[in-house]
Amino acid sequence: MDITDIFKIPLFRNFTQKMQEDFLENLEYTIENHSKGKTIIHQGSPCQAIHVLLEGKLNVDVVDVSGVEVRVEVIQAPRTFATPHVFSEKNLFPATFSVEEDVVLMKIAKESFFKMMHSMPLLLHNFLCVSTSCNKCTMTRLRVLSFRGIRSRYIYYLLDHLKEGQDTVDMEHNQVQLAEYFGVTRPALSKEIGKLVDSGFISISRGKVKILNKQALISLL
């Protein structure tokens, strides 16, 4: 583990060498190791630190209003998570985080981080940018659910996850997880995906979806 990997993360990006040295020297933090299968954070528990995933992967699950647990995403190191919630009014974790692959977790004391933001305008700027990005993720799911049809939800999901200049989406969810994410049954989702494949709009191979006719997909929304 190389702790300087944190400077690859948007929250700590664009620090000069001197800023990196000062930051690590003055920061109060702890390092934790967690094994695969362990739940390290429960939805609704207090968020009292900045959490940085230095190594490994975490599953992120949310229990919705109907009591169903939905896989929102899988996050991979290096990355921060739940960052805005440490300074929110209720400061509670919005999801449950469990270990998909053994992780090394850095926890930065809330008070220490707050103090550093006062002395480092760039850190404050990065924090605001990250918070905005997190809100965008929330809005993405709301937009997905705003579409009434299963096909429309799936198409919007693909287009939203399609990177500029590419025609293939690396799927974060399998079909079971995606059905939960959309709030539909897996057979119903599978049927709609099959129709898109049969019609020549997309092709699927090893967890990747290739978009064969983007404009046609857009017209179906």
Taking all heavy atoms of Ala77 and all of Leu53, pick out the closest pair and write down the distance. CB-O, 3.3 Å

Report yes if the distance between the aromatic ring centroids of His173 and Tyr157 is under 6.0 Å, otherwise no. yes

Look at Asp198 together with Lys195 and state whether they make a salt bridge at an N to O cut-off of under 4.0 Å. no

Looking at side-chain heavy atoms only, is the closest gap between Phe113 and Val86 below 4.5 Å? no

Can you name the nearest heavy-atom pair linking Thr83 to Leu11, along with the distance? CG2-CD2, 4.3 Å

Would the distance check show the side chain of Ser88 and the main-chain N or O of His85 forming a donor-acceptor pair, the cut-off being under 3.5 Å? yes

Ring centres under 6.0 Å, that's the criterion: do Phe87 and Phe127 meet it? yes

Heavy-atom side-chain proximity of Met19 to Leu122 below 4.5 angstrom: yes

Would you check if the side chain of Ser112 reaches a backbone N or O of Glu28 as a donor-acceptor pair within less than 3.5 Å? yes

Side chains of Ile9 and Val52: does their closest heavy-atom pair fall under 4.5 Å? yes

Would you mind reporting whether His42 and Phe97 have side-chain heavy atoms less than 4.5 Å apart? no

May I ask you to decide whether Glu101 forms a salt bridge with Lys57, counting only side-chain N to carboxylate O separations under 4.0 Å? yes

Got Gln43 and Val62 here, is their nearest side-chain heavy-atom distance under 4.5 Å? yes

Parallel, tilted or perpendicular: which one describes the rings of Phe12 and Phe7, with boundaries at 30° and 60°? perpendicular

Any salt bridge between Lys208 and Asp170, counting N to O under 4.0 Å? yes

With the side chain counted from C-beta on, respond yes when Lys107 and Ile50 share a heavy-atom pair under 4.5 Å apart, and no when they do not. no

Of all the heavy-atom pairs spanning Ala82 and Pro94, show the shortest one and how long it is. CB-CD, 4.3 Å

Pair His51 and Phe93, ring centroids less than 6.0 Å apart: yes

Taking the side chain as every heavy atom from C-beta outward, state whether Ile150 and Ile193 have any pair of such atoms under 4.5 Å apart. no

Only one of Val209, Asn213, Asp167 forms a side chain to side chain contact (heavy atoms under 4.5 Å, CB included) with Ile202, so which one is it? Val209

Shortest non-hydrogen contact from Arg13 toward Asn126: O-ND2, 3.1 Å

Is it the case that one hydrophobic cluster holds both Leu212 and Val169, taking links as side-chain heavy atoms less than 4.5 Å apart, direct or via other members? no

Heavy-atom pair of closest approach, residues Arg79 and Ile75: NH1-CG2, 3.0 Å

Could you check whether any side-chain heavy atom of Val74 comes within less than 4.5 Å of a side-chain heavy atom of Val60, counting everything from C-beta outward? no

